[in-house]
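Contents: one structure, followed by commentary.
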Amino acid sequence: MVSSHNIQNFYDKEKGIYTLGLESASCLLLSYLLSPAIPYIFAYRYKPNDMSEWWECPVMLSKKEKLYRLEVKRMEFDFQMSTDEFLDILDEFGKSGIEIFQSNNKIPSTLAIYTINENSLLRVLRHNGITSRFYLPNYHGEATFWTFDKEHFSNILENPAISDRILECNPQICNEKKETSR
């Protein structure tokens with residue numbers, strides 16, 4: 001299938017990324033968006049329960065590896081694992097929002113995304129091996145995906161499971177392209 005979408009409509013020249021908006025998204029779309037060639041997944045500020053309610057789950061309170069069954073709320077953490085392992089358990093994330101980065105390297109303990117200046121963020125992420133990002137604020141909402149990789153992005157555009165959910169390209173990018181083509 002040849003994509004009806006012009007890849008240049010999704011390219012942000014200033015940032016050097018290809019960006020896509022997706023409607024009615026869920027984490028299950030990650031099976032189509034993630035590159036099997038990129039070995040690691042880094043989830044940022046993952047919340048296993050988006051609701052601000054008490055729920056019971058096993059929790060480690062220290063590195064001693066002992067689990068305690070506790071009632072918790074607003075639990076949030078970062079995690080990383082191999083892309084293959086993540087895809088094997090993808091259905092566990094089916095009803096939640098998530099922010100996922102795919103990376104060529106494991107993320108170092110010293111990298112704290114929330115401390116990085118927005119103007120430096122993409123450069124720092126790329127320097128640390130990040131190749132793409134998927135952000136879904138909540139289940140079945142609108143999601144965004146970006147990547148530095150033009151070939152991978154082109155393959156995504158050609159996938160019917162994705163192309164049917166594509167929102168029009170980033171208006172700022174499209175408007176800039178219309179202005180320069182006049």
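Given the structure is predicted, the values throughout are model-derived calculations rather than measurements.
Side-chain contact between Leu122 and Phe148 is present, with heavy atoms from C-beta onward closer than 4.5 Å. You'll find the side chain of Ser35 reaches within 4.5 Å of the side chain of Gln102, heavy atoms only. Using a 4.5 Å heavy-atom threshold, the side chains of Ile100 and Arg133 count as separate. The closest side-chain heavy-atom distance from Leu157 to Phe10 is below 4.5 Å. Residues Glu142 and Arg165 have side chains not in contact (no heavy-atom distance under 4.5 Å, counting atoms from C-beta outward).
Nearest heavy atoms, Arg45 versus Asp78: N-OD1, 2.7 Å. Of all heavy-atom pairs spanning Glu53 and Lys73, the tightest one is O-CB, 3.1 Å. Contact between Val72 and Cys57 at its shortest, heavy atoms only, is CG2-SG, 3.6 Å. Of all heavy-atom pairs between Asn128 and Ile107, the closest is O-CD1, 4.4 Å. The minimum heavy-atom distance between Pro160 and Ser163, with the atom names listed, is CA-OG, 3.4 Å. Pairing each heavy atom of Leu22 with each of Ile162, the nearest pair is CD2-CG2, 3.8 Å.
In the hydrophobic cluster analysis, where Ile, Leu, Val, Met, Phe, Trp and Tyr join through side-chain heavy atoms closer than 4.5 angstrom, Tyr32 is grouped apart from Ile38. Tracing side-chain contacts under 4.5 Å through hydrophobic residues (I, L, V, M, F, W, Y), one never reaches Phe79 starting from Leu67; they form parts of separate clusters. There is a path of hydrophobic side-chain contacts, each under 4.5 Å, that joins Leu90 to Leu33. Connection of Met60 to Leu70 is not established within any shared hydrophobic cluster, with ILVMFWY side chains joined at heavy-atom distances below 4.5 Å, either directly or through further cluster members. In the hydrophobic cluster analysis, where Ile, Leu, Val, Met, Phe, Trp and Tyr join through side-chain heavy atoms closer than 4.5 angstrom, Tyr11 is grouped together with Ile7.
Applying the side chain to side chain donor-acceptor pair (under 3.5 Å) criterion to Glu151, with sequence neighbours excluded, gives no partner residue. Listed by chain and number, the residues in a salt bridge (charged side-chain N to carboxylate O under 4.0 Å, His left out) with Lys47 are Glu76 (sequence neighbours excluded). Shown here are the side-chain contact (heavy atoms from CB on, under 4.5 Å) partners of Pro48, two or more places apart in sequence or in another chain: Tyr46, Trp55, Met75, Phe77.
Aromatic pair Phe86/Phe93: centroids less than 6.0 angstrom apart.
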Does the side chain to side chain contact (heavy atoms under 4.5 Å, CB included) test come out yes or no for Ile113 and Leu125, once each step is laid out? CA-CA 8 Å; Ile113 290 177; Leu125 293 175; 4.1 Å; yes
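Although no hydrogens or angles enter the test, the distance criterion places no donor-acceptor pair under 3.5 Å between the side chain of Ser103 and the main chain of Tyr40.
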